[in-house]
Structure formats: C-alpha cells, structure tokens
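Next up is a structure, given as structure tokens.
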Amino acid sequence: MVVRLPRVKLLLLDGHSLAYRAFFALPVENFSTSTGQNTNAVYGFTSMLINVLRDEAPTHVAVAFDVSRQTFRLQEYSEYKAGRSKTPSEFSSQLPLMREVLDALRIRHVGVEGYEADDVIATLTRQATAAGGEVVVCTGDRDAFQLVTDKVSLIYPVRGVSEVWRMDPAAVEEKYLVPPERYSDLAALVGESSDNLPGVPGVGPKTAAKWLGQYGDLQGVVAHVDEIKGKAGENLRAHLEDVLRNRRLNRLVDDLALPLGVEDLERASWDREEVHRVFDGLEFRVLRDRLFQTFEVEADEVEGGFDLEGHVLDTPALLARLADPARAATVHSLVVGGHFRGGVGDASSLAVAGDGGVAAHVDLTALTPDDEAALAAWLADPAAPKVLHDVKPQLQALSTRGLALRGVTSDTALAAYLVRPDQRSYDLEDLVVRHLSRELRTESAGASDQGQQGMLDLETDDDSSVRDAMVRARAVLELADVLAEKVEETGGTGLLHDLELPLVDILAVMERTGVGVDEDALTALEADFAAKMRQAQQDAYDAIGREDVNLGSPKQLQEVLFGQLDMPKTKRTKTGYTTDADALADLFVKTEHPFLEALLRHRDTSRLRVTVEGLIKSVAPDTRIHTTYLQTIAATGRLSSTDPNLQNVPIRTEEGRRIRDVFVVGDGFESLMSADYSQIEMRIMAHLSGDDGLIEAFRSGEDLHRFVGARVFSVAPEDVTLEMRSKVKAMSYGLAYGLSAFGLSKQLTITTSEAQGLMDEYFARFGGVRDYLREIVVEARATGYTATMLGRRRYLPDLLSDNRQRREGAERMALNAPIQGSAADIIKLAMKGVDSALRESGARSRMLLQVHDELVLEVAPGEREDVEALVRREMGSAIDLGDVPLDVSVGVGRSWHDAAH
DNA sequence: TAACCGACGTA
DNA sequence: CGTACGTCGGTTAC
C-alpha cells in the first residue's frame, strides 16, 4: 500500500561508505581519545552529518549500514570486492561508536543481513518517493547515482569530509555524459575497480556513453554488439559476460523487507544528556559546540518554567505599585484575557508582571469602581511603559470594555518579526524557546491554546489559567528585553518604535471602524452570479453530453478533457495535468470545443459567487465589514488582510468590479475616497538604481511604459504601439520579481530568444537598473540579508545554498524584497502621516482600508477638498525619493468602485 | 477532521 | 523558469 506522507524530505546516509571516506581522509593520529580509541571515522562522519542536516533541513533521517561482507553479490561473484584490503580494525572498532552517536541524536540506523547499505537506501528511497516525498542521499558509493531523479538528489563527498558535490540529474549527466538511469549501464561497461568488477578493457566513460547514446541503453548495446567496430568492439564482445554480471551486481535492490518504514524516521529532538555523555567520551568538544550552535533552538538548555513563588500580588497591592510615582518608569508586561473577533470582543482579565519577579492577576469583571478607574488611568497613561505580545487584539478587547491602552513600548511579536520576518509563527511559546531557551510550561492543558487573534482565552478564571496568564506575563517581560537587543542588533529599533508600534493603533481603529457595505446589493449580486454559474454549468454539461462531473474538481475535469475529449495534455502538476485558466484558454484555441468556453465561464462566475458569499458571511451587525490586518505575516514588510481578505477584492473584470460597487459610504458620511501611489515600485527602482533614463521617465510626466517603450524599441514616444507598450510593461514589472527570459517569453507568447533580445535591449537602455539588481544580490549574498529604505531586513540564507533551485529562488526574493518592502515602508509612513494630519485638522473623515499601495477613506460631509489635499500631501511626502516624484492619484465616489480613477 | 493541493483574486 | 499574500473546494490521509 502506498502511504502518502505530509511534507517529507528524507535524508539517507550510507554510514559505512561515509565513515570509510573519513577514515582515510583524516589523519588518525589527530583523532584519538586519551584512552587510545581512534575516532577519525566517527568524527568525519558526524561532521558530515551535522553539515548535511544543517544544509538540507530534512524532516526524516536514517543511516544505513552494511551488516557483513557476506552479501548476495558475493554469492554470485566470489571475487566481489576482493582485493580490497581487509577492513582495518582501527576502522571497525569505530562502527559501534557511530551507532552510539546516532542513538544519542535519536537518528535511526538500519542494516539488512546479506545486503549492502545502498540496497537499504534504495528501498527507503523508493518508499519515500512513492509517498510523494523528496529524498537526499549522502553516500560515497557511486552505485547510488542510479537513484537520482528530480525528487532524489545525491550528496557525494569529493575531497576529505568537507567538500561535497550535490548531484541532481543534470549534474550526473554533466559528469558522466549519461542520465542517472543509465549510470549503472555505464558503470557495468567501464567497470568499478573498488568493487573489483573489471569492465571492458580500453573502454572508459566516454566510449561507454557514446554507445549508450547510440543504442539507448545497455540492452541496446548488447543487441547491436556485432555492429560495434574496432578494438573496443572486439573487447566488448570478449567481455560481454563480465559486463552483464557487473550490471546484475550494481543494480540496487529496492524492495527489501525493512524493520522500519519512512514514517518511523521523523526527526526527533535529541537526547541531550546522552549527547553530552557520548561526545564527552569521544572528546568531541568542538564538534559538540558546532552541533549545538547549528541547532541552537533544539539544543539550548531548555529550563523549567517561570517561577511565581512568593511574588504574586493581589489587586490592591498591584494598583498601589502601579500608582507609586517612584515606579512611574518601571516597565510592566500585560496579558489580556478575553476574546476579540470581527470588530467586537471583550476583555475579562489582566495579568501583569514587573521587576523583582512580581506578577498579578486582575478580574476585570469584579473590580470596584475606584479600582477600575485607577487601572484605567494606568492603562491609558502614555508615560507608563508596557510591553505585550501581539498587542492589537488585546488593545481591541480592552477598547470594547471602554479601556484605552497607551504607553506600549514594545510588542514582542512585532520585535521578533523585525528580527526574522519570515518565521511562520510568532507564538509566545515558540519565541520563549527560540529567544529565551526556555519552555513556557503551563499547568493546565488547554492554557496554551490560542483564542481568537492569538489571545489567551480565559473564559474560566480557575486557578491554573490565572497562573498561566501570570507566567505568560513574566515570559513577555523577559522576552521584551532580549528582543530589544536583537532588534537593535539588526537595526530595527527605529522601525519598531517609529513605524510598526504606532501603526498598531491606526490599524486597530481601521479594523474597528470597518467599511460599509450595501447588504441588499450584495445579496442581489450573489443571486445573479449564482444564476450565471448555473447557466454556465448547464452549457458545460450540454457540451459534453453528461452531467455527472463536478466542474470544481480538477481531477474529474482531467478525466473529461484528456480522457473523454482526448485533448492534448497540458503542463504537469504534482498530481496530473493542469486545468488552470491559461491552459484552458490555450486548449480552446487549439480545439474550439464549446465545453471549454462554458467551463471558463463557470470558473469565473463561481469564483465571483464564492467571493460574494464570503463577504455576506462577514457583514457585522453594524452592516459593515471589519477585516483584520496582520502585521507579522509578509516577509517583505507588507500587511496582510484576513477574515475577510479585503486586499484581493476583484477589480480587473467588469463583473468583478460590481463587487467593489457594494462597498459604500456609511451613514453620516459623504463619500469614499481612494488614493493610490502610481507605479510606486518602479519609482523606488528608479530612485534606488539612480538610473538616469528611468528617473527621466518619471520626471517627464510621460506615460511610463510609453517612455520606456520608446527607448527600448528606438522609436518616438508617439510611435510606441499598444503591443510594444504592453511588452515593456510586462518586462518592467517582471524585473522586480526576477523574471527570466523564459518566463517573459511564456507570458508574451514569444520565443525565448525574442524575450532575451527584449531584455538585452531594455538593459542596454537602462543599465543602471541592471547594475542595481545585480548589486542587490551580490550584497545580500555577502551580508546574508536585504534591506529596505528604512532598514527593514530580510535574511536569505538560501543565497548560499548549493541547491540551485533554492539558491535561485532566494535570488529572486532578494531582488524583490527591497522594492516591495520599501513600498510597504512608504505606505506605512503615509498612514502615520494621514492619521496625524486628520487628527490635527480635527477632521471627522477616517481611514478604512489599506491595499498595499492604496488607502481608502470615508469622507465626512464638507471635508472632501481638505481631505484630498491632506492625503495627497501626506502620501506624496511620506519619503524623499530624490529626483523621483511620488505620484498620488485620488478618486471619490459613493462606492469603492466609483472612487476608482 | 486536518492537511494538502490546485486554482485564482489582489498589489 | 515572476515576488508577496488569503481563501475556497476537492481530495486524501488519519
């Protein structure tokens, strides 16, 4: 049975061959313990193991060993591996030590009597790939080359233990002139001296590869053996039996019965005490340090929780402390218990921690009026410093209860985000382990469960959840200190205090305000799209003469398109052939089958219907939609919007724009205003690159793509055709994403060389852009990170990966991150500016939405002109781009659609 | 029920 | 073989 495993990257090492390499590579006299035990093989193997664990970050690991020299290969051929000097005892004595190391690291090892390590590896490789996993094989045995595919790569030590080759199919072919699946054929012809398998005399890899290329594979060579001329051909005929025997022997067995399966190989955190014991015994000090440094998070001492004994204050004592003028500058951490979602919520409790290890817990629902007033005053005091973890939902919950929160000097989630913006989560639990090397141990099982918006869900004020909240508060307080240093080290202190933290309050208000929708129009739209969807579905069914197909199922669609209708195959996906809109449109050009037209129409309308449905579900009782902005998700520094996502409301098609028309101005307001930056990313590129041509383009006031097109195609601006313009537009935007000639050619349906020509021409005219893009990557490779105009960093360790795909992916991220990220910086600055200016002017108009380069505002009666001037001013002057102007375009209307411009 | 995938909306 | 997101429905694994 084939078991599908989630996200498997399996690392398989050949323990024997790697250790054997190490044994001969490392001078034994430098590697022995005070008791005389040799350790060079164990050392070299362990060192390689650490490197490959670090570089490959596998999810699953196993090490295969040879069990004995008595194998089926020896039975078939008594000279197998003969002539290999008897394994020195200095080597074999180290094998048990390797197993000890692996046991301490909790890495499984396996060997099968009568077979070699490579057979074990082949078997696990087959199992893992059959389940959809990726495999990395690390071995010094060349027979494993036959396993290499696009899902299986091979790491092969070339010199000593520190230099390795990472072989993918292309690398194998480059080295041996045949693809991996032919490597064993080649080896059979050439022979393998280390296994004492003689090949055809006078035939090396080149000749063998030539034959294999000529006749397809070894079978083909054998079938045409009589046609091969010359001395080589004679020798081949004379040694044909040897060749066939070699091929039988070098074929790896991939169906062994193993005592464990891939699912048993998941990486586990290692046995810390055992690692110390084993490494002490081997006297591997440096290696142990490297191990712990490399895997800091797993390895750092994970100590107990946060002690509260003797430091818990009751509410009066807490309030007395908070009101003490001598403690006015003392930083306290806060953990708000309660919930917040969709614009409403409540705060039911508060945990506080401060210096001296004190902690307190306050039930907000049971406070005396005096106590509540005292607490409210402290919470609202901007001079009383507070730190929280993920402050926005807590701020919202307090606000629902009428409590203001000011004086927030740090948010540990934001701080951790600025230090490393591409983590998948910033849970307090994770941060405590990562940055404090401790465990946030909580007493009650459910206490670590996150409520909505990452808040502590403290519906019940039982003792253990009270205690947990205080423990969390203590953790936040300590974390804030540690993170402040790390933020400072990465140059993010200004970003945190002057940008991200002030933005929290602005976003909170925007979320709470929400955006008005016309519910009736929304409902009508839903009905309309649903009807059109049904019609499209019926048309699709009529076109294929059956109704038993779920048009929403790519799997069933493939059956219809490539089975029933026998259409040409499209691009492959992991599970079959794509049925995406591009591919369907392509098929329609080829076949003109009416099913495709109806299917595409069904796709479009059902997508619109689903979008509308989602919006209907999220309309709050105030007939407004309250999205939630997430500030720590996008690695580039952008915001994201969720629940619902208001940053992907359709705009490109006429039908889609009907959805925008449902977002309307609310009661008591006059209109919606949409203000956006035009071509902000290109402007940033012009500024950062200093390219004279591009700067001139923006200064001229000419249409950007027309201007650029005129230069690229060497014509006058007025002679730039629409086709030229769209090509140049695609290229300009693509540049900031690391677009390749291949990608451009696909998008524009031109040949790769035409696309390349276009790019060459572009870079010839705008050389500054080329230099800038090149320089970004070079610098990021040297420093390890990219930085935006405000110094927001993104670390890209994969720039140094020896996996080409990962490396090139990281290069594209490096190209894009400073540009997209600087744009994010700029609009965040603009939001601050607009917010302050609105406040200072006393206007009632307010910001509602942010869509990366656009702000949507709700304009109060009579304020349109002032607000427009204010928004243009604040957005336009958010940052200085030198010679490049920041252009803002503004539109006003009753709906978001009408406000478009 | 949870996790993944393909598909698709936005900047 | 173009970056950054969030959401949905269908499918598959547990």
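Since the model is a prediction, treat every value here as computed from it, not as a measurement. Within every chain, numbering begins at 1; the chains are lettered A, B, ... in the order of the sequence lines, protein sequences first and strands thereafter.
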Can the positive tip of A:R812 be found less than 6.0 Å from the middle of the six-membered ring of A:Y737, inside 45° of the ring normal?
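Not satisfied by the 6.0 Å and 45° rule.
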Hey, which sits more toward the 5' end of DNA chain C by its nearest nucleotide, A:E613 or A:P421?
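The 5'-side residue here is A:P421.
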Select one nucleotide: of C:dT3, B:dC8, C:dT12, the one nearest the side-chain heavy atoms of A:A581.
B:dC8
So A:I651, base contact, sugar-phosphate only, or nothing? Heavy-atom distance under 4.0 Å.
sugar-phosphate
Do the side-chain N or O atoms of A:T636 get closer than 4.0 angstrom to the phosphate oxygens (OP1, OP2) of C:dA4?
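It does not, given that no N or O in the side chain of A:T636 lies less than 4.0 Å from OP1 or OP2 of C:dA4.
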Which listed nucleotide (B:dA11, C:dC8, B:dG9) is nearest to the side chain of A:P650?
B:dG9
In whole angstroms, how far is the C1' atom of C:dT12 from the NZ atom of A:K555?
10 Å
Hydrogens and angles aside, do A:S678 and A:S889 bring a side-chain donor and acceptor to less than 3.5 Å of each other?
no
Select one nucleotide: of B:dA7, B:dG9, C:dT12, the one nearest the side-chain heavy atoms of A:T578.
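Nearest to the side-chain atoms of A:T578, counting from C-beta on, is B:dA7.
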Under 4.0 Å between any heavy atoms, over every strand shown, what does A:Q747 touch: base, sugar-phosphate, or nothing? Just pick one.
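The answer is base, as A:Q747 lies within the cut-off (heavy atoms under 4.0 Å) of a base atom.
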Give the rounded distance in Å between these two atoms: CD1 of A:I827 and C1' of B:dT10.
14 Å
Please work out if A:K746 contacts a base, only the sugar-phosphate, or nothing of the nucleic acid, heavy-atom cut-off 4.0 Å.
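Since no nucleic acid heavy atom lies under 4.0 Å of A:K746, the category is nothing.
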N or O in side chain of A:K574 less than 4.0 angstrom from B:dC5 OP1/OP2
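Yes.
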Nearest non-hydrogen partners of A:T628 and A:K392, listed with the distance:
CG2-NZ, 4.1 Å
Spacing of A:D580 atom CG relative to B:dC5 atom P, expressed in whole Å:
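After rounding, the reported distance stands at 17 Å.
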Of the listed nucleotides C:dG2, C:dA4, C:dG10, the one nearest the side chain of A:Q820:
C:dA4
Could you please name the option among B:dG9, B:dA11, C:dC1 that lies closest to any side-chain atom of A:N648?
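The answer is B:dG9.
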What is the nucleic acid contact for A:T611, judged by heavy atoms within less than 4.0 Å: base, sugar-phosphate only, or nothing?
nothing
Sequence-distant partners of A:Q564, side chain to side chain donor-acceptor pair (under 3.5 Å), two or more places apart
A:R546
From the set C:dT11, B:dC8, C:dT7, return the single nucleotide nearest to any side-chain atom of A:N645.
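Taking heavy atoms from C-beta onward, the closest nucleotide is C:dT7.
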Between C:dG2 (C1') and A:L773 (CG): distance, integer Å
13 Å
Given A:R601, A:K532, A:R660, the one that forms salt bridge (charged side-chain N to carboxylate O under 4.0 Å, His left out) with A:E655:
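Running salt bridge (charged side-chain N to carboxylate O under 4.0 Å, His left out) over A:R601, A:K532, A:R660 with A:E655 returns exactly one hit, A:K532.
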Do any side-chain nitrogens or oxygens of A:R638 fall under 4.0 Å of OP1 or OP2 in C:dA4?
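The answer is no; no side-chain N or O of A:R638 sits under 4.0 Å from OP1 or OP2.
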OP1 or OP2 of C:dA4 sitting under 4.0 Å from any side-chain N/O of A:R794?
yes
side-chain N/O A:T642 vs C:dT7 OP1/OP2, d < 4.0 Å
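Looking at the OP1 and OP2 atoms of C:dT7, one of them is under 4.0 Å from a side-chain N or O of A:T642.
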Think A:S553 has a side-chain N or O under 4.0 angstrom from the OP1 or OP2 of C:dT11?
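Result: yes.
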Nearest to the A:N550 side chain among C:dG10, B:dT10, C:dC1, which nucleotide is it?
C:dG10
A:M533 CE to C:dG9 P, straight-line distance once rounded to whole Å:
10 Å
Whole angstrom is fine here: how far is it from NZ in A:K617 over to P in C:dT7?
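Rounded to whole Å, this separation is 12 Å.
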Give A:A824 one of three labels, base, sugar-phosphate or nothing, depending on what nucleic acid heavy atoms sit under 4.0 Å from its own.
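Here A:A824 touches no strand at all.
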Can you tell me the distance, in whole Å, between the CD atom of A:Q647 and the P atom of C:dT7?
11 Å
Using atom CG of A:D582 as one end and atom P of C:dG2 as the other, report the distance to the nearest whole Å.
13 Å
Using a cut-off of less than 4.0 Å, is there contact between a side-chain N or O of A:R652 and OP1 or OP2 of B:dA11?
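So the side chain of A:R652 is within the cut-off, an N or O lying under 4.0 Å from OP1 or OP2 of B:dA11.
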For A:Y785, is the NZ or CZ atom of A:R793 found under 6.0 angstrom from the centre of its six-membered ring and inside 45 degrees of the ring axis?
yes
Selection from C:dC1, B:dG9, B:dG6 that lies nearest to any side-chain heavy atom of A:R607
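Side chain of A:R607 sits closest to B:dG9.
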Taking B:dA7, C:dC5, C:dG6 as options, the one with an atom nearest any side-chain atom of A:A635 is C:dC5
A:H705 vs A:Y733, ring pair (Phe, Tyr, Trp, His ring centres under 6.0 Å): CA-CA, chis, key distance, verdict
CA-CA 10 Å; A:H705 305 304; A:Y733 280 113; 5.8 Å; yes
Look at the side chain of A:I633 and decide which nucleotide, out of C:dG2, C:dC5, B:dG9, has an atom nearest to it.
C:dC5
